[in-house]
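Shown next, in structure tokens, is the structure this report addresses.
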Number of protein chains: 2
Amino acid sequence: MQLKPINVVIVDDHPMVIEGLKTLLAGETTIHIKNYFTNGKDTLAFLEKDTCDIILLDVNLPDINGVEMVGMILNKRANIGILGLSTYSEPSIINQMIRNGVKGYLLKNATSNELVEAISQVHKGRFYFGSEIQKILADSVSQDTKDTPKLTRREKHILSLIAEGKTTNNIAEELFISPLTVETHRRNLMQKLEVSNAASLIKVAIEKKLI
Amino acid sequence: MQLKPINVVIVDDHPMVIEGLKTLLAGETTIHIKNYFTNGKDTLAFLEKDTCDIILLDVNLPDINGVEMVGMILNKRANIGILGLSTYSEPSIINQMIRNGVKGYLLKNATSNELVEAISQVHKGRFYFGSEIQKILADSVSQDTKDTPKLTRREKHILSLIAEGKTTNNIAEELFISPLTVETHRRNLMQKLEVSNAASLIKVAIEKKLI
DNA sequence: ATCAATATACCAGAAAACCAGTAGATAAAA
DNA sequence: TTTTATCTACTGGTTTTCTGGTATATTGAT
């Protein structure tokens with residue numbers, strides 16, 4: 001019945017992990033490990049000529065940054081499903097990976113069942129994020145928002161106008177208020193977000209999702 | 001066998017959509033529509049006292065912004081799975097919703113099958129994003145990166161220092177170069193990203209994932 | 001009705017950023 | 001080797017932002 005097994009490529013600089021994955025997937029007739037690589041360069045070279053269904057991609061490769069790697073792979077072969085792999089789980093990295101197009105994420109202590117489940121889900125075009133990962137993502141969101149100072153409606157509005165590159169005078173004209181008032185709001189914004197200029201104001205505002 | 005149907009609450013300001021959803025789900029014995037609301041306030045009031053498994057949440061509510069709504073719901077009841085619903089599909093909104101914690105996203109033209117599939121996947125703790133949504137997300141990523149001007153290594157470095165709130169002089173000291181040189185880089189950065197001040201420089205740099 | 005929060009407004013000086021134009025040094029690619 | 005890109009640096013002037021104060025009108029909530 002399994003005429004077409006799922007072709008998987010493993011990318012991880014740690015040979016032990018590769019062996020582990022091979023063992024975990026050994027019994028699965030639906031999954032075929034087509035190849036494995038220990039760095040980004042070789043993987044990309046492989047993808048020049050050949051392809052696969054799923055790539056298990058370690059986040060910490062020696063040569064190429066994991067996040068960029070995702071983009072590069074999908075640039076070449078948009079229909080490969082990428083499953084991120086890592087030992088730890090830093091929320092910001094996971095977030096970036098997702099934004100760049102990974103279809104799933106696994107910790108390296110995943111069980112055989114999880115692994116198979118993840119691969120088959122992603123192969124079906126779905127996403128797979130285990131419960132630990134979901135928890136981590138949820139925590140990172142609440143953490144972001146917890147120590148966010150409250151901005152007034154007016155402040156939020158002016159903040160977004162600053163982000164658009166408008167000057168104090170521009171904003172004053174647009175809102176029919178005095179430039180001096182805009183200045184005050186500007187100052188209050190910087191004080192609340194604990195920064196000392198507009199550039200970092202925008203950075204932390206975006207980090208804290210105020211824009 | 002279905003002792004515990006999945007309890008679903010529908011939130012949409014358009015009664016027609018609510019009716020449509022009720023009809024589409026009518027035959028499903030595994031899914032029970034527990035309640036429905038046409039605005040955010042009522043929904044939150046309901047969640048004060050009662051709960052459910054899944055919320056089908058329209059993005060364009062009359063009173064509360066859809067993105068914020070997600071946060072508010074999860075704040076009260078973290079284990080409710082939220083499925084975003086909308087007619088159109090603006091990538092940035094979908095991205096925001098996901099970051100705030102929706103577990104899935106559906107277009108309002110979804111078929112009955114998709115709907116049931118989405119609800120049951122999310123109820124199992126998985127994500128559900130239909131192929132259209134995945135395509136939209138993928139496009140938005142490639143669109144972001146396609147018209148991104150190339151920054152030199154030095155420029156990227158200085159860009160990130162600007163984002164940290166450092167002044168031209170600070171940066172010059174840190175890099176052991178003339179403030180005048182930093183000024184030049186600064187200008188080139190603004191020119192490349194087509195902005196006229198540091199605030200918007202940071203904004204578009206983050207949008208284009210250069211930071 | 002009163003209190004707290006918000007939005008408004010001002011002065012004045014210092015610091016930093018922005019604009020326009022130019023140009024030498026170096027390093028990498030054609 | 002010539003070209004191209006990058007990094008470096010300058011002059012001089014204008015605009016904007018930042019800092020440290022102060023202060024009144026308006027609004028929302030108790």
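Proteins come first, then strands; the chains are lettered A, B, ... in the order of their sequence lines, and each starts at number 1.
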Between NZ of A:K192 and CG of A:L159, what distance do you get to the nearest 0.5 Å? 11.0 Å

Under 4.0 angstrom, heavy atoms only, what part of the nucleic acid is B:L180 near: base, sugar-phosphate, or nothing? base

Produce a footprint string for nucleotides 16-30 of chain C: one letter per nucleotide, 5' end first; B if the base is under 4.0 Å from any protein heavy atom, S if only the sugar-phosphate is, - if neither. SSBBBB---------

May I ask you to test the B:T51-B:K76 pair for a side-chain heavy-atom distance under 4.5 Å? no

Going by number, which of residues 152-162 of chain A have a non-hydrogen atom under 4.0 Å from DNA chain C? A:T152, A:R153, A:R154

Near A:F127 CZ, under 6.0 Å, is it more than 12 heavy atoms from other residues, nucleotides or ligands? yes

Salt bridge check: are A:K135 and A:E132 linked by an N-O gap of less than 4.0 Å? no

Along DNA chain D, first and last positions that approach a heavy atom of chain B under 4.0 Å: D:dT6 to D:dT11

Quickly work out the A:N188 CG to C:dA9 P distance and round it to whole Å. 14 Å

Check whether any side-chain heavy atom of B:I158 sits under 4.5 Å from a side-chain heavy atom of B:L175, and report yes or no. yes

Looking at B:E183 and B:R187, is there a salt bridge between them, counting it only when a charged N and a carboxylate O are closer than 4.0 Å? no

More than 12 heavy atoms of other groups within 6.0 Å of B:K156 NZ: no

Before accepting this row, confirm whether a basic side-chain N of the pair B:K34/B:D53 lies closer than 4.0 Å to the acidic partner's carboxylate O. no

Would a 4.5 Å heavy-atom cut-off, applied to side chains only, mark A:L83 and A:I119 as touching? yes

4.5 Å side-chain heavy-atom contact, B:L21 and B:Y36: no

